[in-house]
Structures are given as C-alpha cells and as structure tokens.
Amino acid sequence: MTTTNTKAVTQKRKQEDESPRPNLQAKRQRLLETRKNLPIWNRQKDIRTAVRGNDVLVLSGETGSGKSTQVPQFILDHCGPGKIAVTQPRRVAAITLARRVAEEMGTPCGSSSPASKVGYSVRFDESTSPSTRIKFLTEGMLLQEMLRDPTMNQYSCIIVDEVHERSGNVDLILGFLKQILDARRRKEKPLKVVVMSATADVGSISKFFSQPSVQSGSHLSNGETHPDQVGAVDVSEASWSGLSDDEGENSLRLDAKVSQCHVEGRQYPVKLQYLDSPSDDVTEAALQRIFQIHCKEPMPGDILVFMTGQETIQNLQKLVEEYAENLTRDFPKLLVLPLFAALPQSAQQRIFQPAPPNTRKVILSTNIAETSVTVPGVKFVVDTGKAKIKQFRNRLGLDSLLVKAISKSSADQRKGRAGRETPGQCYRLYTEAAFHSLDQDNTPEILRCDLSEALLKMKARGVDDVLAFPFLTPPPREAMEKALLQLLQLGALDENGRISKVGRNIARLPLTPSLGRVIIEAAALDCLMEVIDIVACLSVENIFLNVDTEEAREQAQLARQQLYRRQGDHLTLLAAVQAYAAEPSDRRRWADNHLVSHRAMQSVMDVRKQLRAQCKAAKLNSDDSEKPSESIAPSETTSENILKAFLRGFSNNLARLCPDGSYKTFTGNQTVAIHPSSVLFGRKVEAIMYNEYVYTNKAYGRNVSVIQLAWYE
Ligand code: ADP
C-alpha cells in the first residue's frame with residue numbers, strides 16, 4: 001500500500017471513529033427529548049455565559065435537576081480546548097454518570113473505543129481514551145492527579161460536584177483549586193472551576209473563592225478567622241463580578257471572579273409519615289413497611305429504602321426475598337436491588353433499568369441515593385434515619401465507622417427522592433420528635449475525621465505550612481498536629497516535617513497512609529504479593545457472607561474450615577483469596593460452597609490486579625516478589641512478616657488481654673472487643689491488632705490478628 005493510500009485509510013478510520021455509530025446516534029436522539037425536560041435545560045445559556053465571564057461558577061440546584069449530566073455538555077465547547085474533569089464523591093456515581101453522558105452524546109464510553117469522548121477514572125479502574133474530553137472521576141483520583149501535575153494543565157475546566165456533602169477530599173480540592181486558579185491566571189492559561197451543590201447554601205463557597213489567596217492564607221494561619229464567620233454578603237452575580245472587575249488586569253488579580261447561579265428543581269408534593277413511637281429494630285420496621293406499601297399501593301411506584309451499609313442491606317434483601325416468595329399470585333412481583341459504594345459495576349446499571357412487567361423495584365441503598373445517584377421510578381421512600389459516618393475517635397486516635405442519626409437536611413433530601421416524577425410518600429422510621437432533635441446539617445468530614453491522608457497529600461503537593469492552607473472550614477489546630485504526628489510515626493515525614501521518600505511512595509498509592517505504609521513495609525519484608533491480597537480484601541466491606549444465627553455460624557465454621565487460620569483474619573483473608581484465585585473452573589460455586597460473597601471476591605480480584613500494577617509502576621516489588629501467590633501457603637516466616645508489615649502501619653491499633661478477660665488498647669487503655677465477624681471471636685490471646693474500629697452496642701475491633709508483644713517492642 002502506498003503512503004497516500006495508508007493516509008487515506010487512516011483518515012477514513014479516523015472519520016469513522018469520530019462520527020457516532022448509527023445505534024449510538026439513534027439513542028442520542030431518543031435521550032435528547034428526556035434531556036429537554038430537565039429543569040436545567042432552559043438555563044444553558046446563563047450557565048455558558050457565567051462560565052465564559054468568570055473564573056468560578058457556583059451552581060446550586062435540586063438533586064435530579066440535571067447538573068451532573070448536563071453542565072459538562074453545556075460548557076464543553078465554551079471553556080477552552082482542554083478536558084473537563086467532573087469529580088464525584090463515589091465511584092458508583094462516577095461510572096454511571098460517565099456511561100449516561102456518553103449515551104447522551106452518542107459516543108462510546110471509556111476505553112472501549114479510541115474515539116470515545118467521555119471516560120471515567122476511579123480507584124483501581126481507569127477507563128479513558130486518547131479522545132476523552134469529559135472525564136468523571138472520584139475526588140480521590142483528582143487529588144492523585146493534582147499530585148502528579150500541580151497545574152492540571154490538561155484541563156480547561158474542573159467541575160466539583162456534590163460539594164454539599166463536604167467530604168474531606170472536596171475541602172482539600174477546593175483549597176488546591178484556589179491555589180491552581182492563581183497559578184494558572186499568572187501563566188495566562190486560565191482554568192475554569194464550576195462548583196455544584198444540591199443545597200442552596202453556597203454563599204460561603206463563593207466567598208471563599210473571591211477572597212484573595214494571600215489574604216486567606218495568612219488569615220487562616222493563626223486559626224482565628226473562619227470564612228463562614230465573615231458576615232453575610234450579597235452574593236448575586238453582579239456583586240461578585242463587579243467586585244473583581246475593579247481589579248483590572250487578569251494577570252494581576254489575586255481574587256477569582258465568581259458567579260453564582262441557582263436552578264429551580266421540579267418537585268412534586270411528598271406526604272410524610274412518622275412512627276408514633278420509636279422502633280428498636282429498624283430492619284424489621286423497614287420490612288413491614290415495604291410489604292405494607294407493596295400490598296396496598298397501586299403500581300407503578302418503586303420503593304427506595306435508606307439503610308446504613310452493605311451488611312444491613314444484604315440482611316434486609318434476604319428477608320424481603322424470603323417473604324416475597326410467600327406472596328400470592330394476586331400481588332405484583334418484587335425485584336430487590338441493593339445499592340452501595342462497593343457494588344460491582346455490573347450490578348450498578350440495573351438500578352436504572354425499568355422493572356420487568358408486573359414487578360415493583362425495591363432499591364435498598366446507603367446514603368448514595370440521597371443526592372449522588374438519582375434512581376428513576378421512585379414513588380415511596382422508607383427512611384431509617386441512620387447512616388454510617390466516618391468519625392475520628394480522639395481517645396482511640398483513629399477513624400471509625402459509626403452508625404449515627406442523619407441530619408435534618410439529609411432527611412429532607414431523602415424525602416425529596418419520592419417526589420421526582422409524581423407526588424409521592426415518605427415513611428420515616430422514627431418519631432417526629434426525633435426528627436426535630438436532629439442536627440440541621442452534616443458536619444464537614446474534615447472536622448470529624450483523621451486528617452493524616454489529607455495532610456500527606458498536601459505535603460506531597462508541596463504545601464509545607466499545612467496550618468496556613470486555605471481551608472473552606474479550617475480543622476482545629478490540635479487535630480492537624482495529631483495527624484502530623486501520626487505521619488511522623490509512619491515515617492512519612494522526617495523530623496523537620498518534610499515529606500520523606502516513604503511518604504512520597506505512600507502518597508502515590510490509592511490507600512490510607514496506614515495501609516500505604518503496610519504495603520511499603522511488605523515490600524521490604526518480601527511478602528508484598530500476599531499483603532496486596534489482604535489489602536484488596538480490606539477494600540470491600542466483607543468477603544464472607546453474613547451469619548447471624550448460632551446455627552448459621554456453625555454451618556459457616558464448617559464450610560470455611562479450610563480457610564480459617566489460627567493467627568487471625570489477615571491470614572484467613574489471604575487463604576480465601578489464594579483458594580479463590582487458584583480455583584480452575586467454577587469460582588462462583590467455590591464461593592457458594594464456602595459461604596463467601598462471589599460479588600465481593602470479584603471486586604477483590606479487580607483491586608488486587610490494580611494494586612499489583614501500581615506497586616510495579618512504583619518499583620516496589622523486587623523481581624522474585626512477582627511470584628504468583630496462588631496456592632503457595634505462606635511459610636511460618638512469611639506469615640510472621642505479613643503480620644509485622646500490618647503492625648508497622650497500625651501500631652496504634654493494638655490491645656492486650658487483661659486479667660478480667662477483656663482487651664484494652666495500648667494507647668488510651670480503652671476496652672475493645674473482638675468483632676463477632678472475626679475468626680478470633682471468643683478467643684483469648686496475649687495481644688491483638690485490628691485494622692478497623694466499629695462501635696455498635698459496644699466497641700469492637702474488626703479484621704483482627706494475634707500479634708506477639710516481642711514484635712511490637
Ligand atoms: P443532578 O446532578 O442535578 O442531581 P443528574 O444530572 O445526575 O442530576 O440527573 C439528571 C437526570 O438524569 C435524572 O432524572 C436521572 O434519573 C437521570 N440519570 C442520571 N444518570 C442516569 C443513568 N446512568 N441512567 C439513566 N438515567 C440517569
């Protein structure tokens with residue numbers, strides 16, 4: 001073939017790649033009609049004008065009004081030649097949004113085609129193409145990119161979505177963006193920032209961006225002034241734009257030009273019902289309510305139930321499915337769909353598909369469905385009033401997941417989900433008095449969680465004086481100091497507070513500093529592959545199916561006998577991964593036989609693959625550590641090294657056996673029991689190490705192993 005011919009063929013292929021395929025095109029046309037009905041559709045022009053004329057647009061609007069799916073498309077050709085990044089707090093949302101927007105644009109999604117214009121990047125899964133223009137990514141991934149490329153030059157616009165959730169990562173991103181906006185303005189390569197929120201209370205964010213960086217930096221360094229405390233200001237578009245216009249030349253301006261816009265949502269009335277007296281078993285109460293709705297209320301109308309986490313969701317799913325089997329044929333069928341953060345991708349898409357004929361969908365969700373993912377077809381909401389919230393426990397010196405009452409604004413968001421398409425009903429499984437006693441808003445995560453990950457990211461990004469960082473809400477100085485101390489203990493910082501080589505390696509891994517440290521230590525102790533297997537298991541909530549009765553526990557004991565290890569959960573998890581990975585043919589059957597969640601194991605295998613690749617890229621594994629870990633049971637020495645590696649990262653999570661039979665933490669002398677899910681449950685050993693602390697009716701350590709005091713010393 002001549003060169004000209006080759007060129008012609010390449011050109012033709014390129015055109016084919018770039019023009020949408022016929023079926024994608026037809027779908028795009030169909031979806032256009034739906035898009036036109038979204039409340040945000042008529043605000044296209046305002047949004048474009050605001051983005052063109054300002055550095056920052058703060059956009060608020062009711063959940064489901066179309067912010068996440070439409071704004072990136074509205075501004076794609078109006079904010080410069082680079083890519084648009086859209087951050088999401090959760091991977092489920094990042095992936096489903098990317099798929100949806102790709103469909104709406106008539107382009108393939110992710111890495112499926114080199115011509116795909118929409119992609120996503122979530123922890124352990126990057127799916128983009130050379131043509132990606134809109135990239136949905138989790139907040140954590142954007143932060144990782146900020147470490148690699150401090151000016152984020154590949155992006156013309158960064159959209160920070162769901163800021164009302166005030167995750168720790170979002171607060172960090174906003175601080176970094178304030179600095180990047182400055183840097184990019186100086187380079188005359190301006191960046192556009194769009195901050196989106198489901199609540200209208202966004203004045204403090206507008207204010208945060210419009211204050212000059214220098215001022216806010218010094219402002220905050222003494223910890224005295226808080227942006228929220230600087231009196232209320234009229235944040236209409238005119239006043240902010242006007243403020244900045246006075247500054248003259250773009251390159252000289254220190255403050256960003258900020259505009260604010262609100263999109264009115266479309267909300268049908270929602271009838272509210274409370275319990276007359278408190279319920280002490282919300283799972284039972286939810287079960288009853290689901291069947292009352294199903295048996296009394298006409299179709300169509302799906303039910304959305306807000307639960308606390310994967311375990312409670314799976315328990316309720318089992319119960320609903322059991323009861324549904326006993327319904328007579330007079331009633332429609334029930335299709336139960338779980339929705340939680342660790343849900344594998346294949347299961348996510350089912351939420352958006354219509355139910356089969358004569359079937360009512362029951363979606364059992366964590367607070368994901370509060371604002372992050374809009375589930376269509378919902379007419380009934382059942383709200384347990386609880387959520388699992390990460391919180392720093394001062395006495396223990398670590399974060400723990402606590403089941404806590406939600407805030408009033410969360411409760412109202414949940415209620416709103418019932419009135420998106422028609423008038424709906426919301427059943428609160430608590431009393432009206434309980435509702436009135438709730439806090440008005442959620443506390444920003446940065447004020448209630450361990451800061452070590454955030455501070456390490458800041459250090460890795462060159463922020464030396466972390467106390468002077470422009471935080472939207474500065475965390476207490478004491479909490480920052482504690483986190484710095486932890487980083488020092490992990491060896492991530494040197495004595496002068498500068499990031500060490502170990503610290504840089506940790507910061508590159510998509511893990512908490514503690515788990516990152518475990519990985520680094522494992523590489524040094526020649527047990528990296530094994531530790532990666534265990535860390536992959538820790539990234540899912542539980543690989544073992546829940547056993548709640550004594551009988552089921554005995555059954556599980558029998559089924560999992562070959563997997564259980566006397567040293568505890570870490571080596572048990574390793575044994576499970578090795579046995580699963582070595583299963584030559586039917587992994588699902590293996591999982592069923594061992595009462596292991598096949599779904600969770602699939603996620604574990606994904607994470608394991610990614611972690612191996614990341615460790616390889618970071619040159620953490622020596623050549624001989626690349627040996628496959630399958631079916632090679634660890635030697636006594638390797639087993640010890642694995643636990644020692646974990647000990648390096650979790651030296652604060654230790655407890656010793658006391659004469660009264662309880663375990664007390666090394667630091668703080670708190671009582672902590674071994675969680676019933678642990679293989680060590682009921683055992684008495686000299687000392688234990690745990691990865692996680694959970695508080696339900698009492699304090700438990702989860703993922704527990706036996707350690708020898710000599711290792712610690
Ligand atoms: P907002 O960001 O304002 O909450 P979205 O842009 O997420 O709104 O959603 C707009 C509409 O698009 C909603 O009606 C939602 O149900 C629909 N939608 C979003 N993602 C998907 C999806 N993956 N599949 C089907 N519909 C979706």
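Each ligand, and each atom within it, is numbered from 1 in the order the structure gives.
Where the criterion is an N or O separation shorter than 3.5 Å, residue side chain and backbone included, Q70 fails it with respect to ligand 1. At a 3.5 angstrom cut-off on N or O pairs, T63 does not count as close to ligand 1.
Protein heavy atom nearest atom 25 (C) of ligand 1, with residue, atom name and distance: R100 NH1, 3.2 Å. Closest to atom 1 (P) of ligand 1 among all protein heavy atoms lies G64 N, 3.4 Å. With respect to atom 6 (O) of ligand 1, the closest heavy atom belonging to the protein is T69 OG1, 2.6 Å. For atom 14 (O) of ligand 1, the closest non-hydrogen atom on the protein side is R420 NH2, 2.5 Å.
Of all atoms in ligand 1, numbered sequentially from 1 with element shown, those under 4.0 Å from a heavy atom of E62 are 3 (O).
Relative ring orientation between H294 and F331 is described as tilted, the plane-to-plane angle lying within the 30° to 60° band.
The neighbour count for K404 NZ, taken as heavy atoms of other residues, nucleotides or ligands under 6.0 Å away, does not exceed 12.
The side-chain contact (heavy atoms from CB on, under 4.5 Å) with L31 is formed by just one residue from the set R28, K27, E33; it is K27.
Across the listed options V71, T374, V86, T374 owns the non-hydrogen atom lying nearest to atom 16 (O) of ligand 1. Considering each of T371, L38, I95, L97, the one bringing a non-hydrogen atom nearest atom 11 (C) of ligand 1 is L38. The residue among G66, G61, S68 with a heavy atom at the shortest distance from atom 2 (O) of ligand 1 is S68.
Checked by atom type, the side-chain pair Y155/E145 shows a donor-acceptor distance below 3.5 Å.
No side-chain heavy atom of L191 sits under 4.5 Å from any side-chain heavy atom of D55.
Partners of H78 under the side chain to side chain donor-acceptor pair (under 3.5 Å) rule, at least two apart in sequence or in another chain, are R48, R52. Every side chain to side chain contact (heavy atoms under 4.5 Å, CB included) that E432 has, sequence neighbours left out, goes to Y274, H436.
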